[in-house]
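Written below as structure tokens is the structure these notes are about.
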Amino acid sequence: MATAELTAHELIAKHRPTLDQALEAIRTRAYWSPHPEHPKAYGENGSLDAAAGKAAFDALLGSRLDLGQPGTDGWVGGETSPYGVELGVEYPHADLDELLPAMRSGMRQWRDAGAETRAVVCLEILKRISDRTHEFAHAVMHTSGQAFMMALQAGGPHAQDRGLEAVAYAYVEQVRTPDNAEWTKPQGKRDPLALNKRFTPVPRGIALLIGCNTFPTWNGYPGLFASLATGNAVLVKPHPRAVLPLALTVQVARQVLTEAGFDPNLVALAAERPGEGIAKTLATRPEIRIIDYTGSTEFGDWLEANARQAQVYTEKAGVNTVVVDSTDDYKGMLSNLAFSLSLYSGQMCTTPQNLLIPRDGIRTDQGPKTYDEVVADLARAVDGLLGDDARANALLGALVNPDVKARLEAAPGLGEVALASREITHPEFPGAVVRTPVIVKLDGAKPDDEAAYMSECFGPVSFAVAVDSSADAVGLLRRTVREKGAMTVGAYTTDDEVEQAVQEVCFDEAAQLSLNLTGGVYVNQTAAFSDFHGSGGNPAANAALCDGAFVANRFRVVEVRREAQGLS
């Protein structure tokens with residue numbers, strides 16, 4: 001075991017104030033973040049500025065990222081950026097029969113360190129990652145297709161916030177039970193019964209993080225840090241197209257663990273050869289006791305059914321829906337929806353897909369608007385937002401993979417096109433596939449249209465669904481969330497009864513609701529420490545980021561009790 005360069009006392013002194021602020025933030029749900037969003041905030045106190053971060057990323061291209069892991073039996077790579085750049089980075093390929101036992105070997109010391117020490121070690125990892133935010137931003141951009149500013153913010157500070165949030169929840173749940181208790185039970189005239197009881201949070205085992213292509217850090221950090229903070233070792237299995245951001249994360253974690261005197265193998269990488277498909281193999285191994293997964297419903301369902309030895313946390317697919325009943329800010333509504341449909345080319349699990357609009361139209365501050373007028377005006381709002389190619393590139397990013405492009409190209413065959421998609425050339429990356437969204441008009445009363453709007457169409461595709469009334473919209477919303485799930489629900493209404501009806505659906509079906517957003521907050525964005533991402537209560541996800549349920553079952557409390565008289 002390495003000699004500690006960072007003592008627990010030093011780490012507690014350095015990071016306990018941040019942990020305390022995070023604990024207060026999750027209690028109050030007020031805005032707070034220790035990680036700056038603005039690119040110019042970096043460059044001091046050891047952090048990389050924009051130029052240094054870009055240089056660090058460029059130095060990674062074509063390199064071999066040796067993590068010093070045991071059981072390395074070869075090297076794998078092959079990532080190609082959605083912007084057309086060959087990354088050329090090679091990663092260690094692991095012999096699992098050697099790596100997994102090595103990961104377990106350090107867990108006893110990590111368990112015995114206690115909740116506070118584990119928390120501040122995790123915070124040191126996050127601090128080191130934060131210092132390299134610009135480098136990580138390029139890694140996220142060139143594996144996910146996010147535009148740079150989104151990659152910097154969502155892949156950097158917002159992801160780091162979600163990781164810190166998970167650490168805070170993990171700490172709360174572990175210290176809920178005291179370390180020790182003196183238990184005395186009166187026995188009348190006889191001497192009381194007296195026991196000393198000691199309570200220790202113990203980890204489940206090795207946690208498996210199965211990373212996603214679109215948000216490798218934002219979706220990955222909650223599970224990674226929740227498991228690590230509760231005493232588990234974590235094996236990171238990235239998506240084959242998005243290895244680099246999580247490989248860098250593993251590299252940082254291993255460095256910090258070593259410096260803090262712990263076994264670096266508490267965090268390791270499991271990169272795979274092309275077509276190897278090791279997720280299923282790993283997910284059913286007896287050593288794996290926790291699984292975090294973001295991705296398709298098909299594989300999420302498979303994990304829930306087959307990884308029976310593990311506690312499985314999944315975020316799968318859903319059909320996000322917006323009910324459009326009425327508004328007192330028609331222009332603001334259109335602007336807000338246009339941005340929501342366009343951001344990152346609709347490649348967010350929170351992006352609205354179905355817009356349910358009464359066929360007789362809606363009431364607005366600009367007078368009555370028919371269904372056709374609303375849809376046409378929304379199409380113009382998207383067109384106006386993305387009319388300038390430079391702005392469009394900054395908002396849309398690149399399509400993450402050919403499957404998204406295929407769905408986009410097939411969408412016009414589903415119904416009448418209200419807004420056609422157009423191709424945009426990226427001035428810096430000519431190999432990027434950049435497309436504006438398509439809006440297709442469908443009829444909620446036609447069975448032939450139902451197959452389209454009742455299925456997730458991931459990417460820049462949305463459906464303007466004509467319904468008979470707002471009541472029918474609410475009914476369709478309920479059926480959609482119940483049968484298909486939803487990460488987000490939105491509604492626009494000035495009618496108290498409609499608002500109440502939509503709320504009741506969301507309460508009944510456990511869906512997160514945003515009402516009448518017309519400003520700079522969008523239905524597809526959530527803030528750590530305040531907003532819950534998903535609910536865990538509908539088919540889209542069985543967990544919420546982040547709440548007590550997300551962390552509490554990653555450890556168990558083991559009690560040791562003895563006669564009090566036997567204590568010295």
Side-chain angles (χ1 to χ4, degrees), residues 61 76-89 91 137-148 150-151 154-155 209-220 237-247 271-280 293-300 302 314-320 341-351 353 392-393 395-412 421-426 428-438 455-462 487 524:
L61 301 180
V76 295
E79 289 161 292
T80 298
S81 166
Y83 290 94
V85 178
E86 292 284 345
L87 301 189
V89 184
Y91 309 97
H138 288 284
V140 171
M141 173 183 176
H142 284 288
T143 50
S144 71
Q146 295 175 31
F148 177 75
M150 183 177 187
L209 170 65
I210 303 175
C212 72
N213 194 174
T214 48
F215 288 89
T217 56
W218 197 98
N219 278 111
K237 205 298 291 183
H239 191 284
R241 294 193 186 103
V243 182
L244 184 56
L246 290 179
E272 58 190 316
R273 299 185 180 99
E276 187 177 6
I278 63 172
K280 282 189 175 183
Y293 168 75
T294 299
S296 72
T297 296
E298 181 182 11
F299 190 59
W302 185 92
T314 60
E315 180 189 313
K316 300 176 287 189
V319 177
N320 301 319
L341 299 179
S342 302
L343 185 61
Y344 184 34
S345 299
Q347 297 170 125
M348 303 173 72
C349 63
T350 49
T351 300
Q353 174 180 300
N393 276 307
L395 285 175
L396 295 170
L399 299 188
V400 68
N401 60 52
D403 292 340
V404 176
K405 182 171 179 283
R407 283 191 291 271
L408 174 64
E409 291 175 345
S421 176
R422 67 183 180 90
E423 182 176 351
I424 295 177
T425 300
H426 198 292
E428 186 177 356
F429 301 105
V433 179
V434 184
R435 300 287 190 275
T436 63
V438 62
S455 301
E456 186 193 36
C457 191
F458 184 76
V461 178
S462 58
M487 295 299 294
N524 40 353

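For the single chain, residues carry numbers from 1 onward in sequence order. The structure presented is a predicted model; accordingly, all values stated were derived computationally and were not measured.
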Return the minimal non-hydrogen interatomic distance between [X] and [Y], and the atom names on each side.
X	Y	value
Ser345	Gly397	OG-O, 4.2 Å
Pro82	Met141	CD-O, 4.5 Å
Cys212	Ala242	O-CB, 3.9 Å
Tyr91	Gly77	CD1-CA, 4.5 Å
Ala154	Gln146	CB-OE1, 4.1 Å
Gly318	Glu456	O-CG, 3.4 Å

I'd like to know if the side chain of [X] and the backbone of [Y] have a donor-acceptor N/O pair within less than 3.5 Å.
X	Y	value
Ser81	Thr143	no
Tyr83	Gly145	yes
Thr297	Ala317	yes
Glu272	Ile278	yes
Gln347	Thr214	no

Any chance you could measure [X], atom [atom1], to [Y], atom [atom2], to the nearest 0.5 Å?
X	Y	atom1	atom2	result
Asn401	Arg241	CG	CZ	4.5 Å
Asn393	Glu428	CG	CD	10.0 Å
Asp403	Ser296	CG	OG	11.0 Å
Met348	Phe215	CE	CZ	4.5 Å
Thr436	Leu395	OG1	CG	12.0 Å
Thr294	Phe299	OG1	CZ	12.0 Å

So [Y] and [X], do their side chains get closer than 4.5 Å, heavy atoms only?
X	Y	value
Thr351	Pro460	no
Val461	Ser421	no
Arg435	Arg422	no
Thr217	Val140	yes
Ser455	Phe458	no

Checklist line | Any side-chain donor near an acceptor of the partner, Ser462 and Gln353, under 3.5 Å | finding: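 Ser462 vs Gln353: no donor-acceptor pair found between side chains.
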Check: When the aromatic ring centroids of Phe429 and His142 are compared, is their separation below 6.0 Å?
Finding: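 Yes; His142 has its ring centre under 6.0 Å from that of Phe429.
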Notebook entry, point to check: How are the rings of Phe148 and His138 set to each other: parallel, tilted or perpendicular (split at 30° and 60°)?
Noted result: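 Phe148 and His138: tilted rings.
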Checklist line | CA sep, side-chain torsions, deciding dist, call: Ile424, Leu396, side-chain contact (heavy atoms from CB on, under 4.5 Å) | finding: CA-CA 10 Å; Ile424 295 177; Leu396 295 170; 3.9 Å; yes
